[in-house]
Amino acid sequence: MTPDGEQARMNPFVKFLFLAVLPPAIFSCQPKTGKIESISLDFPHGETRLTVRRDGRARLSYGALPEWLTVESGVFDAGQLAEELRPLLKDMVASEERPIGQPFGMVSCQYRDGGSGEYYLFHGEFAEGLFVTACRNLVAEEEESSVLYEMVCAQRISRTGGSG
């Protein structure tokens with residue numbers, strides 16, 4: 001209540017800013033987990049990439065190479081992955097604003113409504129865990145003759161003490 005007994009009223013422009021700008025600012029770094037069509041994560045940026053689709057299909061690739069390794073269907077769930085990534089993602093900023101010398105990756109989310117979102121990821125250990133899981137669950141014939149397997153998975157599997 002104001003001193004004269006009337007309730008204070010919010011300026012309509014301030015109210016608009018509060019309702020239109022604040023929620024996107026708070027949630028801009030949050031993927032819409034229930035609306036995910038696919039998630040693509042590369043780490044470090046431009047190198048190993050994991051793409052997970054809503055239907056359970058997934059594949060690994062490397063940089064701009066035009067080939068990929070197919071992961072067994074159902075190993076990853078796009079919605080669950082979005083939930084796990086949620087606290088790790090950072091909004092895109094100009095390169096001058098990124099931490100100097102810290103490796104980073106990119107996460108791209110495609111939504112069922114056709115929208116998309118791109119975020120930074122600075123958690124290499126999280127990405128590496130996903131890559132190892134994908135490498136351990138490749139469709140069998142993928143690892144036998146692929147040069148890409150040697151580039152993306154061979155060392156990862158050997159470092160974790162196992163074979164493909």
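The residues of the chain are indexed from 1 along the displayed sequence.
Of all heavy-atom pairs between V152 and S61, the closest is CG2-O, 4.3 Å. Among all heavy-atom pairs drawn from F76 and A58, the shortest one is CD1-CB, 4.0 Å. Across all their heavy atoms, A127 and F43 have their closest contact at CB-CB, 3.6 Å.
Put simply, L138 and V132 are part of two different groups of oily side chains (I, L, V, M, F, W, Y) that touch within less than 4.5 Å, one to the next.
Atom CD of E84 has more than 12 neighbouring heavy atoms from other residues, nucleotides or ligands inside a 6.0 Å radius. Within a 6.0 Å sphere centred on CD of E125, other residues, nucleotides and ligands contribute 12 heavy atoms or fewer.
Note: S38 OG to R112 CZ = 11.5 Å, rounded to the nearest 0.5 Å. Atoms SG and CG, on C153 and L69 in that order, are 5.5 Å from each other to the nearest 0.5 Å. Here the CG-CG distance, from L130 to L81, works out to 6.0 Å after rounding to the nearest 0.5 Å. Taking CG of D77 as the reference point, atom CG of D55 lies at 10.5 Å (rounded to 0.5 Å). A distance of 9.0 Å separates CE of M151 from CD of E47, quoted to the nearest 0.5 Å. Distance check: S73 OG to R57 CZ gives 8.0 Å after rounding to the nearest 0.5 Å.
With sequence neighbours excluded, the residues forming a salt bridge (Lys or Arg N to Asp or Glu O under 4.0 Å) with E128 are R156, R159, listed by chain and number.
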Does the side chain to side chain contact (heavy atoms under 4.5 Å, CB included) test come out yes or no for F131 and L41, once each step is laid out?
CA-CA 10 Å; F131 297 149; L41 177 150; 3.7 Å; yes

Determine, step by step, whether I36 and V52 satisfy the side chain to side chain contact (heavy atoms under 4.5 Å, CB included) criterion, reporting the C-alpha distance in whole Å, the side-chain angles of both residues, the deciding distance to 0.1 Å, and the verdict.
CA-CA 10 Å; I36 292 287; V52 177; over 6 Å; no

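Residues L85 and Y119 are not in side-chain contact: their nearest non-hydrogen atoms beyond the backbone lie 4.5 Å or more apart. Side-chain contact check for R136 versus I157: some heavy-atom pair is nearer than 4.5 Å. The closest side-chain heavy-atom distance from L148 to Y62 is below 4.5 Å.
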Return a table of donor-acceptor pairs under 3.5 angstrom between the side chains of residues 100-108 and protein atoms on other chains or two or more places apart.
unit_1, atom_1, unit_2, atom_2, d
S108, OG, E118, OE2, 3.4

